[in-house]
Amino acid sequence: MIDKLKENSLFLSLLFLGIILLTIQLETVTLRSVDGAVYSSMGRELTEKPFLDWIVLTFRGGEKFYENPHFMPFFLATFIKVFGVGAVSVVLPAVLLSIGSLIANYKIGKLVLDQRFGLLSMFCLLAIPQFIKEGRNPMLETALMMFTLWSIYFGLRSLKETKKWSLVSGIVCGFAFLSKGPISFLAPAVILSMALISKIKIFEMKDYENDFKDLMLKVLFFIIGFSIVLGVIDIWHLAVTGTSFWKSYYEVRLLYTMNHPTAALVQNVGGDHLFYLKMILKKHIPWVYVALIAPVLFFFYKNKHQEQIKKVYPALIVGMLMFWGYLFGFSIITFKAPWYMNTYFGGLALLSAVSIYLVTNQKFRARYLVVTVNTIAITLLFLSSSFPSIFKSKKRVFESFLIQAQKNLGNKLKGHYVKDCISIGEWRGPFIVHYFLGAKITSCESNSQYSLVNLENYNKKNKILYSVYPIALVTNEVGAQ
């Protein structure tokens, strides 16, 4: 009873720590990524249309969008509708998805081994700095990670229990597909691989073994759940537009991704097939090395403590399938980007937990695990509350200016064109301006009434609407400075 209370208190402590780290200084978080800016802008566009028309995704002032499915624009639009335009309205949804990922990783760990391992897995995910950093970013990968983890959890549970969980797993995988398309198929790949590997006697994983008939029924239930989600989207799209969303998505997005004309040639977009492996070995220190050593530790300890170690098989195999599955899956796609790998953090945490579990004996886990992890958690909480500069992100002047401008100007510039006289860039800048101000960006040589200018080299007498040195938003009217 006491052990149960300790472990439950540790789960709540880790969850509380995760919430604190993901929400600290939330009001200062800006839209620092291109995707975050694009989908926030799309979310704002959705809120300006009747709900039934939300199925038609648009960006850049009404241009139809088929590059990715609906979940993230829908999710962001819901929060914008409730809380209004602002940084918190689009960062908070990402935080909630990341908290969902933390809980899912705990549930997977608990399912494949025991509660202490689930807590270790949750702790390892929370201790990955990149997870905390990217967990506050409203990108597609944040949603993809959470739904994939939950789909894997329900799928593994269906192998151990009844086929109803296959239906749930399929539905959740459908939402993962709505987040970022085919990469969501990692979930059924992990589940099916686990079912097949369980038939190999040396692994002794009878809990996951199913006869052919039961396995096919569970696959069928998964497909039904998955199809329900995608079917609802297409029926809705057909009813509003008379066309299939998934047909357009295949023609516009998937064929482009598979046949991108420059990705294989240009190094900075990841033409190197070892791009992701090199990246994680360099950037995800020390956890990537802790994870990679897990199979070595397993076979080292297996000969010494065979009866105790063999129960770790499911955790090791699931972790390796998730870790290497994402690494291989993204590596074979022609177009590459560093942030794609954000979604593999669940597998990284699970494998890292295997390594820690193997090097700590049962006595230590029973007596000291809760105290040790709680001590680390309390220390991190103290640091996060007492020294916020440790967790502070890079200052972004332009994004911070727009946040304050939106608070002061509201929708004054909605629908207007604003001249870009400070070179905000072709992609992220225009979408951020549209999200916060509802305005469209045009060239500095145009005849627009409003302009973004740099006060360091600006000497005209135009009226300043709002400024935070060195950036100002001015009108063509002459007025006091």
Side-chain angles (χ1 to χ4, degrees), residues 31 33-83 85 89-94 96-98 100-101 137-151 168-187 223 225-257 339-340 342-343 431 434-435:
L31 300 177
S33 67
V34 174
D35 281 10
V38 170
Y39 292 104
S40 297
S41 174
M42 288 175 64
R44 174 164 182 158
E45 284 198 24
L46 288 180
T47 63
E48 296 166 358
K49 301 191 293 187
F51 177 71
L52 287 177
D53 291 339
W54 281 24
I55 194 65
V56 183
L57 298 178
T58 57
F59 73 143
R60 293 195 287 215
E63 182 181 335
K64 288 188 177 180
F65 181 90
Y66 293 107
E67 286 194 21
N68 282 296
H70 296 74
F71 177 78
M72 207 60 180
F74 277 18
F75 198 47
L76 296 178
T78 302
F79 278 78
I80 295 168
K81 196 79 172 175
V82 174
F83 298 106
V85 173
S89 298
V90 289
V91 174
L92 183 59
L96 294 176
L97 292 168
S98 298
S101 295
N137 197 348
M139 297 177 67
L140 304 180
E141 287 75 17
T142 313
L144 174 66
M145 177 181 176
M146 190 201 76
F147 286 122
T148 304
L149 288 173
W150 279 109
S151 182
V168 178
S169 179
I171 291 172
V172 177
C173 188
F175 280 97
F177 195 93
L178 287 186
S179 301
K180 201 178 171 66
I183 197 65
S184 61
F185 292 148
L186 171 74
I223 294 172
F226 182 82
S227 301
I228 288 171
V229 177
L230 271 64
V232 167
I233 292 296
D234 222 33
I235 291 169
W236 186 358
H237 198 272
L238 280 165
V240 174
T241 68
T243 61
S244 167
F245 173 82
W246 298 117
K247 181 177 183 294
S248 299
Y249 172 69
Y250 172 76
E251 294 172 348
V252 172
R253 178 60 176 176
L254 293 187
L255 291 181
Y256 173 82
T257 302
W339 55 87
Y340 285 5
N342 295 350
T343 48
F431 286 106
H434 174 262
Y435 173 67

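Model, not experiment: these values are computed from the prediction.
At least one side-chain heavy atom of Pro138 sits under 4.5 Å from a side-chain heavy atom of Ser40. When side chains are defined from C-beta on, Thr47 does not count as touching Thr78, because their heavy atoms never get closer than 4.5 Å. Considering only heavy atoms from C-beta on, Trp236 comes within 4.5 Å of Leu52 through its side chain. Side chains of Leu76 and Pro93 form a contact here, defined as non-hydrogen atoms less than 4.5 Å apart. For the pair Phe79/Val90, no side-chain contact is recorded, criterion being any heavy-atom separation below 4.5 Å from C-beta on.
Trp150 and Phe147 have their aromatic ring centers separated by at least 6.0 angstrom.
Remark: Leu238 CG to Ile233 CD1 distance equals 11.5 Å, nearest 0.5 Å. For the atom pair CE of Met72 and CE of Met139, the computed distance is 9.5 Å after rounding to the nearest 0.5 Å. Going from atom OG of Ser248 over to atom CG of Leu57 covers 11.0 Å, rounded to the nearest 0.5 Å. Here CG of Leu230 is found 10.0 Å from CZ of Phe175. Values are rounded to the nearest 0.5 Å. From Asn342, atom CG reaches atom OG of Ser98 across 9.5 Å, with rounding to the nearest 0.5 Å. Rounding to the nearest 0.5 Å gives a distance of 8.5 Å between CZ of Phe245 and CG of Asp234.
The minimum heavy-atom distance between Thr142 and Leu97, with the atom names listed, is CG2-CB, 3.8 Å. For the residue pair Gly36 and Asn137, the shortest heavy atom distance occurs at CA-OD1, 4.3 Å. The shortest heavy-atom contact between Tyr39 and Pro73 is CD2-CG, 3.8 Å. Closest of all the heavy-atom pairs between Met146 and Gly100 is CG-C, 3.6 Å. In this structure, Ala77 and Leu46 approach most closely via the heavy-atom pair CB-CB, 3.9 Å. Closest of all the heavy-atom pairs between Ala187 and Cys173 is CB-SG, 4.4 Å.
Taking the six-membered ring for Trp and thresholds of 30 and 60 degrees, Phe177 and Phe185 have ring planes inclined between 30 and 60 degrees apart. Relative ring orientation between His237 and His70 is described as perpendicular, the plane-to-plane angle rising above 60° on a 0-90° scale split at 30° and 60°. Taking the six-membered ring where the residue is Trp, Phe65 and Phe59 present perpendicular rings, their angle passing 60° and hence far from 30°. Using a 30° and 60° split on the angle between ring planes, Phe75 and Phe71 fall in the parallel class, below 30°.
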Before giving the answer on side-chain contact (heavy atoms from CB on, under 4.5 Å), spell out for Glu251 and Lys247 the whole-Å C-alpha distance, their side-chain angles and the decisive distance to 0.1 Å. CA-CA 6 Å; Glu251 294 172 348; Lys247 181 177 183 294; 2.8 Å; yes
Let me see the working for Phe431 and Arg60 under side-chain contact (heavy atoms from CB on, under 4.5 Å), right down to the final yes or no. CA-CA 8 Å; Phe431 286 106; Arg60 293 195 287 215; 3.7 Å; yes
Could you go through Leu178 and Phe74, starting from their C-alpha distance and side-chain angles, then the distance that decides it, and tell me whether this counts as side-chain contact (heavy atoms from CB on, under 4.5 Å)? CA-CA 10 Å; Leu178 287 186; Phe74 277 18; over 6 Å; no
Working for side-chain contact (heavy atoms from CB on, under 4.5 Å), residues Thr343 and Ile183: CA-CA 10 Å; Thr343 48; Ile183 197 65; 5.7 Å; no
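Side chains of Thr58 and Glu45: a donor on one and an acceptor on the other come within 3.5 Å. In this model, no donor atom of one side chain and acceptor atom of the other lie less than 3.5 Å apart for Ser184 and Thr148.
Few gaps surround NZ on Lys49; more than 12 heavy atoms of other groups in view lie less than 6.0 Å from it.
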